[in-house]
**Q** 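This is the structure, below, for whatever I ask next.
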Amino acid sequence: MDLDVSALKFNPSYTFDCGQAFRWRPVDSQKSIWVGAIGRSVISVTRDRVRIHSQEVHAQHHSDKVLDYFTPEDDLDSILERLPKDEFLSGAIREFPGLRILTQDPWECLVSFVCSINKNIPAIKLAIENLCDRFGDPISSDIGIYHTFPSPEALANAKQSDLLSCKVGFRWKYIKYIAMKIQSGELNLESLRNLSYEDARQAIVSKLSGRTFGVGPKVADCALLFSLHKTNAFPIDVWMSRCIREHYASMLRIEKTVLKKSLTPRTYALLSGTMRLHFGKYAGYAQQYLYMKTRTDSLYSR
DNA sequence: TCCCAGGTCCTAC
DNA sequence: GTAGGACCTGGG
């Protein structure tokens with residue numbers, strides 16, 4: 001089944017390679033066709049169309065869910081138009097046209113970003129793929145066997161040794177205990193969709209922050225932006241710290257001394273809050289374009 | 001062989 | 001409140 005997505009004007013390469021999702025793979029050297037799984041559907045994606053390769057009984061239900069993943073309610077042009085422009089952001093938007101923010105499954109997104117803690121991107125992808133292969137359900141399709149992202153039940157019941165065999169390292173206990181919180185119903189991520197950024201964030205942090213759970217401000221903000229579609233979230237990572245230091249500190253009157261210190265909770269709140277205030281309702285879009293630009297500039301200058 | 005990675009937690013001030 | 005260290009493990 002094919003879905004026409006040309007109206008979304010999106011670029012799969014920028015959208016899948018900007019670090020918001022970790023399971024998409026290009027299947028041609030030009031990176032014009034990407035393959036991955038959304039829920040129980042195996043998907044291939046080009047600029048204009050999304051093709052569903054797995055045979056499932058409730059076809060309409062699946063195609064709706066697949067389309068939602070691409071956040072069709074967001075009109076990219078008008079969002080980018082509304083952002084307060086400066087030279088650096090304008091350059092980023094020119095350089096990466098069609099970079100969209102996805103609406104991923106919040107459970108998958110949260111666990112993926114827990115896997116990202118203190119890992120580089122290839123290692124993150126490897127660990128997540130291992131988890132899917134080991135704990136996900138196989139889905140057959142006309143382009144091969146894929147796996148779903150594991151359910152909370154599967155990871156809540158997983159043995160330490162089996163999680164470690166997926167190369168998640170010390171994060172194994174975070175993953176297991178978050179899964180248990182979700183499985184027990186103590187935290188329902190889907191129910192946070194209708195809450196404000198602040199309330200949804202509070203719900204996640206209050207349940208999942210601390211020794212057992214390992215969900216700090218950055219991981220929480222990524223889940224809020226990339227799955228619960230809180231577009232005013234503004235995650236701060238090492239790249240964004242660099243970006244702020246080089247391009248926004250003086251404009252937004254952020255003291256340079258703040259940026260030299262390690263990222264304490266207070267510093268995080270200050271930086272993220274300042275950027276959210278500056279960029280407004282769609283600050284998260286600005287963040288993604290700035291992230292992409294900062295990262296590629298750094299790669300070319302090495 | 002060694003350092004580092006889309007962070008977070010703990011400990012000692 | 002915060003600096004400084006530890007943390008699994010694969011990649012560069």
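Letters go in sequence order (proteins before strands), and every chain restarts at 1.
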**Q** If the condition is ring-ring contact (aromatic ring centres under 6.0 Å, His included), which residues does A:Tyr268 pass it with, not counting sequence neighbours?
**A**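 Residues passing ring-ring contact (aromatic ring centres under 6.0 Å, His included) with A:Tyr268: none at all.
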**Q** Contact list please: residues 159-173 of chain A against DNA chain C, heavy atoms, distance less than 4.0 Å, in numerical order.
**A**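 Under 4.0 Å from DNA chain C: A:Lys167, A:Gly169, A:Phe170, A:Arg171.
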**Q** Which dot-bracket notation, 5' to 3', represents the base pairing of DNA chain B when pairs are defined as Watson-Crick or G-U with both distances under 3.5 Å, crossing pairs as [ ], and inter-strand pairs as |?
**A** .||||.|||||||
**Q** Report, one line per pair, each donor and acceptor closer than 3.5 Å where one atom sits in a side chain of residues 87-99 of chain A; sequence neighbours left out.
**A**
unit_1  : atom_1 : unit_2   : atom_2 : d
A:Ser90 : OG     : A:Asp86  : O      : 2.9
A:Glu95 : OE1    : A:Lys293 : NZ     : 2.7

**Q** Residues two or more places apart in sequence or in another chain: which of them pass salt bridge (Lys or Arg N to Asp or Glu O under 4.0 Å) with A:Arg266?
**A**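 Listed in chain order: nothing, the list is empty.
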**Q** So if I take residues 222-231 of chain A and measure heavy-atom distances to DNA chain B, which residues fall below 4.0 Å?
**A**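 Within residues 222-231 of chain A, no residue comes under 4.0 Å of DNA chain B.
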**Q** Anything under 4.0 Å to a heavy atom of chain A counts; send over the first and last such nucleotide of DNA chain B, read 5' to 3'.
**A**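 The contact span of chain A on DNA chain B goes from B:dA5 to B:dC10.
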**Q** Mind checking salt bridge (Lys or Arg N to Asp or Glu O under 4.0 Å) for A:Arg25 and listing every partner two or more places apart, or none if nothing turns up?
**A**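 Salt bridge (Lys or Arg N to Asp or Glu O under 4.0 Å) list for A:Arg25, sorted by chain: A:Glu129.
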**Q** A:Phe234: which residues meet the ring-ring contact (aromatic ring centres under 6.0 Å, His included) condition with it, sequence neighbours left out?
**A**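 Counting only residues at least two positions away or on another chain, A:Phe234 forms no ring-ring contact (aromatic ring centres under 6.0 Å, His included).
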**Q** Applying salt bridge (Lys or Arg N to Asp or Glu O under 4.0 Å) as the test, list every pair that has at least one member in residues 98-113 of chain A; sequence neighbours left out.
**A**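 Not a single pair qualifies under salt bridge (Lys or Arg N to Asp or Glu O under 4.0 Å).
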**Q** Using a cut-off of strictly less than 4.0 Å between a heavy atom of the residue and any atom of DNA chain B, enumerate the qualifying residues of residues 86-115 of chain A by number.
**A**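 Output list: empty, so none.
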**Q** Please work out which residues in residues 13-25 of chain A have a non-hydrogen atom less than 4.0 Å from an atom of DNA chain B and list them by number.
**A**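 The stretch gives A:Cys18, A:Gly19, A:Gln20 as the residues lying under 4.0 Å from the strand, ordered by number.
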